[in-house]
Enquirer: 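This structure is in structure tokens; I'll ask about it shortly.
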Amino acid sequence: MSKYKLVMLRHGEGAWNIENRFCSWVDQKLSGDGLLEAELCGKHLKSLGFEFDVVFTSILSRSIQTAWLILRELGQEWVPVQSSWRLNERHYGALIGLNRAELALNHGEEQVKLWRRSYDVAPPPIDESHPYYHEIHTDRRYACCDIQKDNLPKSESLKQVLDRLLPYWNDVIAPEIRKGKIILISAHGNSTRALIKHLEGSRIVARHIPES
């Protein structure tokens, strides 16, 4: 079996992580602790001797910031970074901005668990009445995507995250890995979860790097 090196990680902590709110496609920067987490991750990867050839991120700032800080700690700021919306966090639709604990009180633990942890159930879609709709869906970064802005998701299940991620994996990331390049993906909890599910389903064996 051929062996390749791919490191996937979730971005550092953001402000809404502290507040236990659904951040999703709202563009949050890293918190103070999140900055430290990214730096420590970079130091850990350096101690393991990683030298990356290409880095992939989503187009959300917390993913990009994390990658930058890791590369700085590695002394590899020159490594090419490619960003795509297809690595974005799952679109949580109408749940964006809501506190998870309060949501459980209003809708019940089982319903919230279904929205968060099921594979093919999407939350209610976001619409123009939502307080974060225009912040997300008029952001000019989404005018640079490989599909029309009107076709971008308004809510997603984990299955739909994988469906929009796979073309980018198959056409862009996987070919670089097959060339023998060492790849870092700095993304989000659900985009990495979806990709790991795909890789494990493809019988690709992943070895987890121990935490420092």
Side-chain angles (χ1 to χ4, degrees), residues 8-41 55-70 81 83-107 109 111-119 121-145 149 152-165 168 185-197:
M8 291 188 288
L9 55 90
R10 176 190 179 274
H11 61 81
E13 179 190 74
W16 280 14
N17 296 136
I18 302 170
E19 298 170 12
N20 200 29
R21 297 166 70 189
F22 286 98
C23 190
S24 187
W25 283 29
V26 174
D27 194 42
Q28 292 273 309
K29 299 289 197 297
L30 296 180
S31 67
D33 283 346
L35 296 171
L36 180 60
E37 287 169 354
E39 290 168 353
L40 289 174
C41 182
V55 177
F56 294 96
T57 75
S58 76
I59 56 174
L60 294 167
S61 295
R62 56 194 186 273
S63 161
I64 297 167
Q65 272 187 295
T66 298
W68 285 350
L69 290 167
I70 288 171
V81 178
S83 302
S84 172
W85 76 274
R86 292 184 181 275
L87 289 171
N88 272 19
E89 177 58 290
R90 177 182 172 187
H91 198 307
Y92 271 106
L95 306 187
I96 290 173
L98 299 179
N99 177 279
R100 297 175 189 183
E102 292 174 358
L103 197 63
L105 287 175
N106 293 331
H107 295 275
E109 290 280 357
Q111 181 61 64
V112 175
K113 185 177 180 181
L114 186 67
W115 283 331
R116 291 188 64 201
R117 294 303 178 195
S118 64
Y119 180 58
V121 176
I126 196 170
D127 61 30
E128 293 188 15
S129 67
H130 192 284
Y132 290 99
Y133 178 90
H134 292 286
E135 179 178 331
I136 295 169
H137 290 278
T138 62
D139 192 316
R140 71 187 186 96
R141 78 190 71 197
Y142 294 110
C144 304
C145 296
K149 189 183 283 191
L152 289 168
K154 302 295 191 296
S155 176
E156 291 177 304
S157 65
L158 187 65
K159 180 181 184 299
Q160 289 169 316
V161 173
L162 182 57
D163 288 345
R164 52 101 156 156
L165 191 158
Y168 192 67
I185 299 177
S186 171
H188 305 266
N190 281 289
S191 48
T192 53
R193 182 176 158 221
L195 187 51
I196 288 170
K197 179 177 177 62

Enquirer: Side chains of S83 and T57, heavy atoms from C-beta outward: is any pair under 4.5 Å?
Expert: yes
Enquirer: In sequence, state the C-alpha distance, the side-chain angles, and the governing distance for L30 and L69, and then conclude on side chain to side chain contact (heavy atoms under 4.5 Å, CB included).
Expert: CA-CA 11 Å; L30 296 180; L69 290 167; 4.1 Å; yes
Enquirer: Give a yes or no answer on whether the side chain of S63 reaches the backbone of S186 with a donor-acceptor pair at less than 3.5 Å.
Expert: yes
Enquirer: Less than 4.5 Å apart, side chain to side chain, heavy atoms only: is that true for R193 and R117?
Expert: yes
Enquirer: Between H130 and P124, is there a side-chain heavy-atom distance shorter than 4.5 Å?
Expert: no
Enquirer: Do H11 and L60 make a side-chain contact, defined as non-hydrogen atoms from C-beta onward lying under 4.5 Å apart?
Expert: no
Enquirer: Are W16 and Y92 an aromatic pair by the rule of ring centers under 6.0 Å?
Expert: no
Enquirer: If you look only at pairs with a residue in residues 94-106, which of them pass as a side-chain hydrogen bond (donor to acceptor under 3.5 Å, both in side chains), with sequence neighbours excluded?
Expert: none
Enquirer: Is R164 salt-bridged to E156, going by a charged N under 4.0 Å from an acidic O?
Expert: yes
Enquirer: Apply the test side chain to side chain contact (heavy atoms under 4.5 Å, CB included) to residues K154 and H137: give CA-CA distance (whole Å), side-chain angles for both, the deciding distance (0.1 Å), then the verdict.
Expert: CA-CA 9 Å; K154 302 295 191 296; H137 290 278; 3.6 Å; yes
Enquirer: Which value, rounded to the nearest 0.5 Å, describes the distance between S157 atom OG and R90 atom CZ?
Expert: 6.5 Å
Enquirer: Are side-chain N/O atoms of D127 and S129 paired as donor and acceptor at under 3.5 Å?
Expert: yes
Enquirer: Do I18 and D33 touch side chain to side chain, with heavy atoms closer than 4.5 Å?
Expert: no
Enquirer: Looking at K149, I want to see if its NZ is surrounded by more than 12 non-hydrogen atoms of other residues, nucleotides or ligands under 6.0 Å.
Expert: yes
Enquirer: Going by heavy atoms in the side chains, are I136 and I96 under 4.5 Å from each other?
Expert: yes
Enquirer: Got a second to check how far T192's OG1 is from I185's CD1, nearest 0.5 Å?
Expert: 9.0 Å
Enquirer: Assess whether atom CD of Q111 is packed by more than 12 heavy atoms of other residues, nucleotides or ligands within 6.0 Å.
Expert: yes
Enquirer: Is L158 close to N190 at the side-chain level, that is, under 4.5 Å between some pair of heavy atoms?
Expert: yes
Enquirer: What distance separates L36 CG from E13 CD, expressed to the nearest 0.5 Å?
Expert: 10.0 Å
Enquirer: Does a side-chain heavy-atom distance below 4.5 Å link L9 with C41?
Expert: yes
Enquirer: Please name the residue in the list Y133, F22, Y132, W25 that meets the ring pair (Phe, Tyr, Trp, His ring centres under 6.0 Å) test with H91.
Expert: W25
Enquirer: Measure the spacing between CG of N88 and CD1 of I59 and express it to the nearest 0.5 Å.
Expert: 5.0 Å
Enquirer: Locate the shortest heavy-atom distance separating L152 from C145; write the atom from each residue and the value.
Expert: CD2-SG, 4.3 Å
Enquirer: Passes side chain to side chain contact (heavy atoms under 4.5 Å, CB included), C23 versus H188? Steps please.
Expert: CA-CA 11 Å; C23 190; H188 305 266; over 6 Å; no
Enquirer: Mind checking the OG-CZ spacing from S61 to R141? Nearest 0.5 Å is all I need.
Expert: 5.0 Å
Enquirer: Rounded at 0.5 Å granularity, tell me how far OG in S155 sits from CG in L95.
Expert: 7.0 Å
Enquirer: Indicate the atoms forming the closest heavy-atom contact of V26 with E135, along with that distance.
Expert: CG1-OE2, 3.6 Å
